[in-house]
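The residues of the chain are indexed from 1 along the displayed sequence. Values reported hereafter were calculated over all heavy atoms of this structure, with side chains retained and with hydrogens, waters and symmetry mates removed.
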Amino acid sequence: MIVTADLAISLDGYIAGTDVTLDNPGGNGAEPLFEWIHNLASWRERQGMAGGEENRDSELMREWFDATGAVVMGRMMYDTGEEFWGDNPPFRTPVFVLTHRPRPTLVKEGGTTFTFVTDGVHNALDQAKAAAGDRNVDIAGGASTVRQFLREGLIDELQLHVVPALLGDGLRLFEGPGAGPRRLEPVRVVDTPLATHLKYRFVK
């Protein structure tokens, strides 16, 4: 088991646009970050849809789904995604939501559960590891949540799907407390017409 973070990012370092709200979860101008995903066969499968493209990008997405046994996310990511995911979220695993507001565990269709953790990143990660078995725990986001785990040295591998687009403004991943300094070693580079997929391992 390892702890991963797997995020789409623009060429100029943004993982969301400006003015992220419940009604606009990706922020303004963020469409290029996610357009490459929507027609992948593996992504469509997780949305309960048929068809889609079977290509290297789809293989990498399926690899992430298959390897992930539990997910940790921040409350903002949960709040902005809840309506979009609906009753059958794509995770199909236990999800642990970092929050200051207690809430009963939610059980959704397809094997997704949302457990709300109020006592910090270490407790959330311990619960996620116990739930994941021999599969990975993924720190899904948003940026501040990933930075908290980086600051604590809790992430083993980082995969960035670099989209060939410049957002110009928005929410940066590597900014503020927790963004560095850290040393990484390359694990894999996969270049496709839709994105450049970079996987790194943190040097402990």
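The shortest distance between side-chain heavy atoms of Leu198 and Pro186 does not fall below 4.5 Å. Contact of the Arg75 side chain with the His100 side chain is not registered, since no non-hydrogen atoms from C-beta on lie closer than 4.5 Å. Counting heavy atoms from C-beta outward, Leu173 and Leu160 have side chains that approach closer than 4.5 Å.
Side-chain atoms of Ser58 do not come within 3.5 Å of backbone N or O of Leu40 as any donor-acceptor pair. Using modelled atom types, one side-chain atom of Asn136 and one backbone atom of Ile2 make a donor-acceptor pair closer than 3.5 Å.
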Please evaluate residues Val95 and Lys108 with respect to the criterion side chain to side chain contact (heavy atoms under 4.5 Å, CB included), reporting the C-alpha separation (whole Å), side-chain torsions for both, the decisive distance (0.1 Å), and the verdict. CA-CA 11 Å; Val95 178; Lys108 298 285 188 175; over 6 Å; no
Intermediate values then yes/no, side chain to side chain contact (heavy atoms under 4.5 Å, CB included), Val72 and Val3: CA-CA 10 Å; Val72 178; Val3 180; over 6 Å; no
Working note: Asn39 + Arg44, criterion side chain to side chain contact (heavy atoms under 4.5 Å, CB included); need CA distance, chi angles, decisive distance, verdict. CA-CA 7 Å; Asn39 200 39; Arg44 291 176 64 85; 4.1 Å; yes
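Follow the hydrophobic side-chain contacts under 4.5 Å out from Met76 and you never reach Ile15; the two are in separate clusters. Leu158 and Ile9 fall within a single hydrophobic cluster, where Ile, Leu, Val, Met, Phe, Trp and Tyr side chains are chained together by heavy-atom contacts under 4.5 Å. Under the 4.5 Å side-chain heavy-atom criterion for ILVMFWY residues, a single connected hydrophobic cluster contains both Leu154 and Leu150. Cluster annotation: Phe96 is connected to Ile139 through the hydrophobic network of ILVMFWY side chains, with a link wherever side-chain heavy atoms come within less than 4.5 Å. Follow the hydrophobic side-chain contacts under 4.5 Å out from Ile37 and you never reach Leu7; the two are in separate clusters.
Every salt bridge (Lys or Arg N to Asp or Glu O under 4.0 Å) that Glu54 has, sequence neighbours left out, goes to Arg62. Not counting sequence neighbours, Thr68 has no partner by the side chain to side chain donor-acceptor pair (under 3.5 Å) test. Residues satisfying the salt bridge (Lys or Arg N to Asp or Glu O under 4.0 Å) criterion with Arg172, sequence neighbours excluded, are Glu175. Considering only residues two or more places apart in sequence or on other chains, Arg135 meets the salt bridge (Lys or Arg N to Asp or Glu O under 4.0 Å) condition with none of them. Among residues two or more places apart in sequence or in another chain, the side chain to side chain donor-acceptor pair (under 3.5 Å) test is passed with Thr145 by none. Judged as a salt bridge (Lys or Arg N to Asp or Glu O under 4.0 Å), and not counting sequence neighbours, the contacts of Arg56 are Glu59. Under the side-chain contact (heavy atoms from CB on, under 4.5 Å) criterion, Leu166 pairs with Leu11, Asp12, not counting sequence neighbours. With sequence neighbours left out, the ring-ring contact (aromatic ring centres under 6.0 Å, His included) criterion links Trp36 to His161, His197. Under the side chain to side chain donor-acceptor pair (under 3.5 Å) criterion, Arg101 pairs with Asp79, sequence neighbours left out.
Taking each heavy atom of Val71 and Ala140 in turn, the nearest pair found is CG1-CB, 3.6 Å. Nearest heavy atoms, Leu167 versus Ala30: CD2-CA, 4.2 Å. Scanning both residues, Val137 and Met1, for their nearest heavy atoms gives CG2-SD, 4.3 Å. Arg92 and Gly110 get closest at one heavy-atom pair: CD-O, 3.0 Å. Residues Gly69 and Pro94 approach most closely at O-CD, 3.4 Å, considering heavy atoms. Taking each heavy atom of Ala195 and Pro164 in turn, the nearest pair found is CA-CD, 4.4 Å.
Between Asp6 and Lys199, none of the side-chain N atoms (NZ, or NE/NH1/NH2) sits under 4.0 Å from a carboxylate O, so this pair counts as no salt bridge.
In this structure, the separation between CG on Leu98 and CE on Met77 is 12.0 Å, given to the nearest 0.5 Å. A distance of 9.0 Å separates CG in Asp138 from OG1 in Thr93, rounded to the nearest 0.5 Å. Once rounded to the nearest 0.5 Å, the distance linking NE2 of His38 with CD of Glu53 reads 13.0 Å. Note that CD of Glu157 is 9.0 Å distant from CD of Glu185, once rounded to the nearest 0.5 Å.
Applying the ring pair (Phe, Tyr, Trp, His ring centres under 6.0 Å) rule to pairs touching residues 40-74 yields nothing, sequence neighbours excluded.
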Throw together a table of side-chain donor-acceptor distances under 3.5 angstrom for residues 82-91, partners on residues two or more places apart or in other chains.
unit_1, atom_1, unit_2, atom_2, d
Glu82, OE2, Tyr78, OH, 3.0

Cut-off 3.5 Å, no hydrogens considered: what does the side-chain donor-acceptor table look like for residues 114-129, sequence neighbours left out?
unit_1, atom_1, unit_2, atom_2, d
His122, NE2, Glu152, OE1, 3.2
Asn123, OD1, Gln127, NE2, 2.6

